[in-house]
Trainee: 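Handing you a structure now.
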Number of protein chains: 2
Amino acid sequence: MAFIVKKKIGGNEYYYLNENKRVDGKVKTKTIAYLGKDKKEAEKKAKDILENRKQSDQKSPKPLDLKEAKPVLKSTEISIEELAVFCKRKGFVYQSGEIYGGLAGFYDYGSLGHQLKKNFENVWRKYFLGLNSNFFEIETSEIMSSNVFVASEHLKNFNDIAAKCKKGHIERVDLLMERYTHKKMDGLSDDEWLNLIKENKAVCSTCKSPIEYVGPINMMFPIQLGVGTATTAYLRPETAQGPYVNFKAEFEVARNKLPLGLALIGRAYRNELSPRNLLLRQRAFTQAELQIFFNPAKIEEHEDFEDVKDYELIVMQSNSRDDGVIKTSCNELAKRIPKFYVYYMARVQQFYLDVLKLEEEKFRFFELNDKEKAFYNKYHFDIEVDLPNLGWTELGGVHYRTDHDLKGHQEISKQNLSVMDEETKERFIPHVVELSFGVDRNFQTLLTFAYFYDKERDNIVLRLNPKLSPVKAAILPIVKKDEFEKISRNIFDTLNKEWKVVQDKSGSIGRRYARNDEVGTPFCITIDGESLKKKDVTIRDRDTKKQTRVKISLLKDILRKLIEETLDFDEI
Amino acid sequence: MAFIVKKKIGGNEYYYLNENKRVDGKVKTKTIAYLGKDKKEAEKKAKDILENRKQSDQKSPKPLDLKEAKPVLKSTEISIEELAVFCKRKGFVYQSGEIYGGLAGFYDYGSLGHQLKKNFENVWRKYFLGLNSNFFEIETSEIMSSNVFVASEHLKNFNDIAAKCKKGHIERVDLLMERYTHKKMDGLSDDEWLNLIKENKAVCSTCKSPIEYVGPINMMFPIQLGVGTATTAYLRPETAQGPYVNFKAEFEVARNKLPLGLALIGRAYRNELSPRNLLLRQRAFTQAELQIFFNPAKIEEHEDFEDVKDYELIVMQSNSRDDGVIKTSCNELAKRIPKFYVYYMARVQQFYLDVLKLEEEKFRFFELNDKEKAFYNKYHFDIEVDLPNLGWTELGGVHYRTDHDLKGHQEISKQNLSVMDEETKERFIPHVVELSFGVDRNFQTLLTFAYFYDKERDNIVLRLNPKLSPVKAAILPIVKKDEFEKISRNIFDTLNKEWKVVQDKSGSIGRRYARNDEVGTPFCITIDGESLKKKDVTIRDRDTKKQTRVKISLLKDILRKLIEETLDFDEI
C-alpha cells in the first residue's frame with residue numbers, strides 16, 4: 001500500500017509518497033518519491049505515479065517475447081511486425097522501456113542500430129555539406145522559448161486535428177476517417193470533418209461510442225523552466241528553428257556570404273496522438289535538415305544548375321495525379337518551379353539513387369497541393385519511397401519556406417534579420433529552401449530494402465551497402481590456438497581503429513557466416529591453418545559468397561577500397 | 001493589444017490569442033496562438049505567452065554585442081566572460097535564442113564549436129570503446145516513463161536544496177551559503193542549512209529579504225504524453241538509465257558475455273536553479289557515459305590489470321585532504337579500492353594525459369566522502385581539472401553504482417534482470433562501474449587550455465591538438481587566377497572527403513594565417529606562383545610557423561600522418 005505523508009521541517013511542510021512492504025517477514029516503510037510542498041500538487045503527483053505503476057503492472061510482462069513471436073517470413077516482403085521482431089532479436093531497435101511494458105511512440109537503438117543510424121547520418125553529412133563550401137553543421141538546443149514558436153506560428157498552426165468521443169477517447173480524425181474512406185484525408189475544416197463522420201457513421205476506434213467533436217490540438221510538448229516563477233518553453237517540433245534563430249550570428253561568422261547552408265542533425269518532439277508503424281510515427285525522432293538561405297532576387301538561378309539541367313526527376317505532380325508519376329528534366333520542371341529549388345531536388349534524388357543505391361522505381365517526389373502543404377511552405381515536394389509493407393511513404397521533403405520564419409523572428413524579436421547583397425547593396429530578408437529528412441524513417445527504409453531471405457542459404461542476408469553496414473568486417477579464427485587468436489587480435493586492433501569490426505570465435509564457420517550475413521557485415525575474414533605460414537587470410541564477400549586470399553599487410557588498404565567501392569571484389 | 005477570442009465551430013468552442021496591429025495605416029487582426037478548448041487553460045496559456053513576450057521586450061536587444069564587449073585579454077588567463085565573447089565571435093558557442101534575450105541555461109553550438117565537440121566525442125568513443133571488444137554504443141530515448149525514476153530513486157532523491165525568501169525568490173542554498181562561508185558546502189540536512197543561514201545572517205541574493213525556508217526541489221523536467229488521459233514522463237536527468245533499462249536486451253545480443261560495456265553519448269536535462277559559468281552548469285547538456293556491467297564476485301580482478309599496476313594515479317583522497325594531492329600506484333590504491341574499479345581510473349587518467357595531452361599538474365581524481373557522494377554510489381571519484389579561470393572543476397567521475405539501479409528496475413518492472421555466470425552457474429544481478437564525462441565541460445576545458453595569446457604575432461593562437469581541431473587545414477591560394485583557384489578547389493575536394501577543411505581566399509596572407517591560427521587550424525596550405533609548375537604547395541605549422549614544400553600528390557597522406565601524429569612536422 002502506498003500513502004502520502006507530510007513532514008514538518010523548520011516550520012515547513014513537505015509531502016512524500018511512502019509505501020509499506022514486507023521484507024524478510026517485517027513490514028518496512030520505504031519512500032518512493034518526494035512530492036513537493038503543495039498538498040494538491042502532491043496528490044496529483046502521487047496519483048500520476050501510482051497510475052503509471054498500475055498500468056505497468058497490468059501490462060507487464062509485455063516485452064516482445066522472441067520465443068513466442070512469429071518466425072520471420074522467409075521472403076523479402078517483410079511485414080512491419082516481422083521487421084520489429086527482427087530488429088529486436090538482432091539489437092537494431094526496440095521499444096523504449098520495454099521492461100516497463102514500453103512507452104508508446106519512443107524507440108531505442110541497440111548497438112547495431114545505432115551504428116547503422118550513425119553511418120546514414122555520416123553519409124548524409126558528407127554528401128549534403130559537400131555541395132557547397134559555405135554549408136556548415138550546427139547544433140542547437142532542443143528546448144526553445146515560446147517566442148520562437150509564436151514567431152514561427154507553430155503555437156497557432158502546428159496542430160493535429162483530433163476527434164473526441166463521448167467517453168473522452170481522443171484520436172486523429174484523419175486516420176480515423178481513412179479507415180472508412182480508404183483515401184488519404186487532409187486539409188478539411190472542422191465542420192467538413194464532422195459532416196464526413198456523420199455520412200460514414202464513424203465511431204470511436206477504442207469504445208465504438210459516437211464522436212462528439214473535432215478540433216485542433218497543439219502537438220508541442222511544453223516544459224516549465226525554473227520553479228516558482230517558471231516560464232513555459234517547448235521541446236522543438238522540428239530542428240529548423242535553431243538555424244533560423246541563429247542565422248544572423250552564423251552569417252557573420254561565415255563572413256556575410258550567401259547562399260549559406262546550415263545543417264542540423266538532431267532530435268525533434270511531437271505529441272503524436274497515434275504513434276505507429278515502428279519508427280515511422282514516433283513522439284521523439286531524429287531529423288537531418290539543411291536550411292539554405294539565399295537572395296530571393298536570385299531564385300531563378302543556381303551556379304551549378306548546368307550540371308543537372310538534363311537530369312530527369314521522378315515526380316508525381318499535384319495537378320495530374322491521375323496520370324501517375326512522370327519523368328521530367330530539371331530544365332523542363334524549371335519552367336514552373338524556381339531553378340534554385342529544382343537544383344536541390346536533383347541533388348536529393350541523386351542522393352537516393354546514386355549514394356543510397358535505391359532502385360529508381362521505388363523513388364518519387366510527391367508534389368503537395370495548396371490544401372495539403374505545410375503552413376510555412378510555398379512549394380512542397382515530399383520525398384517518397386515505395387515500401388513493400390506500407391506502400392508509398394514520406395521520408396522527407398524539399399520545402400520552399402520563403403521568408404516566413406525569418407520575417408516572423410524579426411517581428412517578434414525586434415532584431416533586424418535582413419542582410420545586404422554585396423553587389424547591389426540592396427537589403428533583404430533571405431529566403432529559405434529546406435531539405436528535410438527523417439533519419440529514423442530512412443533507417444527503417446534501408447533495413448526494409450536490405451532485408452533478403454536467401455533460399456539457398458536458408459538464411460537472412462541483410463544486403464546493406466558496405467558504407468552503411470553497422471559492422472564492416474568479422475574476423476573469424478578457425479583454429480583454436482593461441483597463435484591464431486593472436487593474429488585475430490592483431491587484425492582486430494588494426495581494423496578497429498578505423499571501423500567497427502568484430503571477432504567471432506564460437507560455432508561452426510557456416511554458423512558464423514550466417515550470423516554475420518544476417519546483420520549485414522559485408523566481409524568475413526577467416527584465419528585458417530595456412531595463415532600462420534603464409535601471413536595471409538581469406539576474405540569472403542557477403543552477397544556472392546566468393547572468397548579470395550589476401551596478405552595481412554594489405555588487408556586494411558583493400559578493405560578500405562572495398563568499403564569505398566573503388567575496388568570490386570573480383571579485382572582483388 | 002492582444003486579446004482572447006472564442007470561436008464556435010460545429011457546436012464546440014475554441015480559444016485563440018489574437019492581436020491588432022497597424023499595418024500600412026490599417027488595423028489588422030492577427031492570430032498569435034491557438035489556446036485550446038478550455039477557457040481556464042486558454043487564459044493561462046495566453047498569460048504565459050504574453051509574459052514571455054514582455055520579458056523578451058524588456059530584455060531585447062540583449063544579444064552579446066561584440067562591438068561593445070570588452071576586448072579579449074592578451075594573456076592565457078582568460079576569464080569566463082572573455083571566453084564567452086571569443087566563443088561567440090568565432091561561432092564556437094553562444095546562448096540559445098540570443099535574439100530573444102537568451103534562454104538561461106541553454107547554449108547552441110555554432111559550426112566550429114559543433115565540429116570541436118564532435119571531434120572530442122569521436123576521440124572519446126575510439127578510446128573507451130577500444131578498451132574491450134565487448135563494449136558497444138547505444139542510443140536511447142531522452143524521455144522515459146516515471147517508473148524508471150521510481151526505480152532509480154531519482155524521483156525521491158534527485159533534488160536541489162533550495163532556499164526561498166519572503167518574496168518567493170528561489171535559489172540553491174549551497175551556492176548561497178558558499179558566498180558566506182567561502183567553502184564548498186554539501187550534504188547538510190534542511191535544519192542544518194537553516195541554522196547556518198541564521199548564524200551567517202544570510203539573505204536572498206536577489207532582493208536581500210530574509211530566507212523563509214529550505215527544502216528539496218526535484219530537478220527533473222516532467223512531460224505530459226498524449227492528451228486527455230495524459231501520462232507523466234520525464235526528460236532523463238542522466239543518460240545512464242537508458243543502458244540499465246536495456247541491459248537485458250543488449251546482454252542477449254552480446255551473447256551473454258560479461259563484462260559488458262554500454263556507452264551512450266547524448267543529452268540530459270536538469271531544471272537547474274542557478275545555471276552559470278558558460279557551459280559548466282546548463283539545463284541541457286551532453287554526457288558521454290560508459291556503463292560497465294560485471295560479476296560482483298570478480299570485483300577484485302581485471303584481465304588487463306597487469307598493464308596498469310605500476311601506473312601512478314593522481315588522487316586527492318577523502319580522508320587526507322589536508323595533505324593535498326598524492327601520487328599512488330594502481331597496486332597501492334587497490335589495497336583499499338577494488339581492482340576492477342582502479343583499472344578504469346587508470347584508463348581515464350591516461351585518456352586525459354596521453355590522448356587529450358593535458359598537463360599532469362592540471363589533473364586529479366577527487367575522492368568524495370560518504371556525505372558528498374551521489375546517492376547511488378559506493379565509491380565516487382570526481383575527475384577534476386584545474387582551470388585558470390575557475391580553479392579545480394569537475395569534468396566527470398568514476399562511479400561504483402553497485403546493483404542499485406538494476407535491482408531497482410527488477411523490483412519495479414517485475415522482470416528478472418539477473419544473469420548467470422557461465423563457469424560457476426551462479427545467478428546474480430550485475431554490478432556497474434560508470435565512467436561519466438560532461439562533454440560540454442570537456443569542450444570548455446579544451447578551449448580554455450588551448451587559448452594562447454602569442455605576443456610575437458600579436459594574435460590569438462588556439463593550440464588545439466590536431467585530432468581535435470574543428471578545421472584540419474585551410475587552403476590559401478595566393479595568386480588570384482583561374483589556374484590557381486582550380487588547384488585550390490581540387491585540393492579542397494580531395495581533403496574535404498576525409499576532414500573538415502576550408503578555402504580562404506580573401507585578405508593578405510598574414511591576415512589569413514592569423515584568422516586560421518585563431519580557430520586552431522593546425523595546417524595552412526598555400527598555393528603560390530611555383531605551385532603550377534612544380535605541382536607542389538607549402539604547408540605551414542600553426543604552432544611553430546615552420547613551412548615546408550610538399551608535392552600535391554602526397555599531400556593527403558602527409559596530412560593524415562600529421563593529424564594522427566605518426567609523423568612530426570620536421571620529418572616531412
Side-chain angles (χ1 to χ4, degrees), chain A residues 9-10 12 14 31-34 48-49 52-53 56 60-61 91 94 96-97 99-100 103 106 108-111 114 133 136-141 143-147 150 155-156 159 168 170 190-191 194 213 215-218 221 223 227-228 231-232 245-246 249-250 253 284 413-415 503, chain B residues 9-10 12 14 31-34 37 48-49 52-53 56 60-61 91 94 96-97 99-100 103 106 108-111 114 133 136-141 143-147 150 155-156 168 170 190-191 194 213 215-218 221 223 227-228 231-232 245-246 249-250 253 284 413-415 503:
Chain A
I9 305 168
N12 299 296
Y14 302 89
T31 299
I32 301 174
Y34 167 63
D48 269 356
I49 290 166
N52 254 311
R53 246 177 39 165
S56 110
S60 79
Y94 30 78
S96 182
I99 63 169
Y100 289 104
L103 198 57
F106 296 92
D108 290 351
Y109 284 84
S111 60
H114 168 70
S133 58
F136 306 97
E137 184 176 352
I138 63 171
E139 186 179 327
T140 70
S141 172
I143 295 177
M144 303 181 88
S145 78
S146 61
N147 280 312
V150 170
L155 263 167
K156 182 173 93 184
N159 305 313
I170 290 172
D190 293 358
D191 283 341
L194 281 168
Y213 66 69
I217 284 185
N218 198 277
F221 288 114
I223 305 270
V227 281
T231 49
T232 304
V245 169
N246 292 331
E250 287 297 316
V253 172
S413 74
K414 314 219 164 58
Q415 303 291 325
Q503 293 183 81
Chain B
I9 306 168
N12 298 298
Y14 303 88
T31 298
I32 301 174
Y34 167 64
K37 293 179 178 167
D48 268 357
I49 290 166
N52 255 309
R53 241 168 52 157
S56 111
S60 80
Y94 31 78
S96 181
I99 63 169
Y100 289 104
L103 198 58
F106 296 92
D108 290 351
Y109 284 85
S111 60
H114 168 69
S133 57
F136 305 97
E137 185 176 352
I138 62 170
E139 187 180 326
T140 69
S141 173
I143 294 177
M144 302 182 88
S145 78
S146 61
N147 280 314
V150 170
L155 262 167
K156 182 172 94 183
I170 290 172
D190 293 358
D191 283 339
L194 280 169
Y213 65 70
I217 285 186
N218 197 278
F221 288 114
I223 305 271
V227 280
T231 49
T232 304
V245 169
N246 291 332
E250 288 297 317
V253 173
S413 74
K414 315 219 163 58
Q415 303 291 326
Q503 292 182 82

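Any value given below was found using the heavy atoms of this structure, including those in side chains, with hydrogens, waters and symmetry copies removed. In the text below, chain A, chain B and the rest are named by the order of the sequence lines, each starting its count at 1. If you're wondering where the values come from, they're calculated on a predicted model, not measured in any experiment.
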Trainee: Please state whether the side chain, the backbone, both or neither of Ser133(A) comes within less than 4.5 Å of a heavy atom of chain B.
Mentor: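 Both the backbone and the side chain of Ser133(A) come within 4.5 Å of chain B.
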Trainee: Who wins among Val253(B), Ile138(B), Asn218(B) for the most heavy-atom pairs under 4.5 Å with chain A?
Mentor: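 Of the candidates given, the most pairs with chain A belong to Ile138(B).
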Trainee: Using non-hydrogen atoms only, which part of Ser141(B) is less than 4.5 Å away from chain A: side chain, backbone, both, or neither?
Mentor: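 Contact with chain A involves both backbone and side-chain atoms of Ser141(B).
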Trainee: Which region of Ile223(A), side chain (C-beta onward) or backbone (N, CA, C, O), has a non-hydrogen atom less than 4.5 Å from a non-hydrogen atom of chain B, or is it both or neither?
Mentor: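 The side chain, not the backbone.
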Trainee: Do Glu250(B) and Ser111(A) have side chains that get closer than 4.5 Å, going by heavy atoms?
Mentor: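 Of all side-chain heavy-atom pairs linking Ser111(A) with Glu250(B), at least one is under 4.5 Å.
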Trainee: To the nearest 0.5 Å, tell me how far Tyr94(B) OH sits from Asn246(A) CG.
Mentor: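 Tyr94(B) OH to Asn246(A) CG: 4.0 Å, rounded to 0.5 Å.
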Trainee: Among Gly97(B), Gly215(B), Ala249(B), which residue has the highest count of heavy-atom pairs closer than 4.5 Å to chain A?
Mentor: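 Of Gly97(B), Gly215(B), Ala249(B), Gly215(B) has the most heavy-atom pairs under 4.5 Å with chain A.
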Trainee: Within this structure, what is the CD1-CZ distance for the pair Ile143(B) and Phe221(A), rounded to the nearest 0.5 Å?
Mentor: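 Between Ile143(B) CD1 and Phe221(A) CZ, I get 5.0 Å after rounding to 0.5 Å.
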Trainee: How long is the span from the CZ atom in Phe136(A) to the NE2 atom in His114(B), to the nearest 0.5 Å?
Mentor: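 One gets 12.5 Å once the value is rounded to the nearest 0.5 Å.
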Trainee: Pick whichever of Thr140(B), Asp108(B), Ile217(B), Leu103(B) has the most heavy-atom pairs under 4.5 Å with chain A.
Mentor: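 Among the listed options, the one with the most contacts to chain A is Asp108(B).
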Trainee: Any chance you could measure Tyr100(A), atom OH, to Ser145(B), atom OG, to the nearest 0.5 Å?
Mentor: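 It is 7.0 Å, given to the nearest 0.5 Å.
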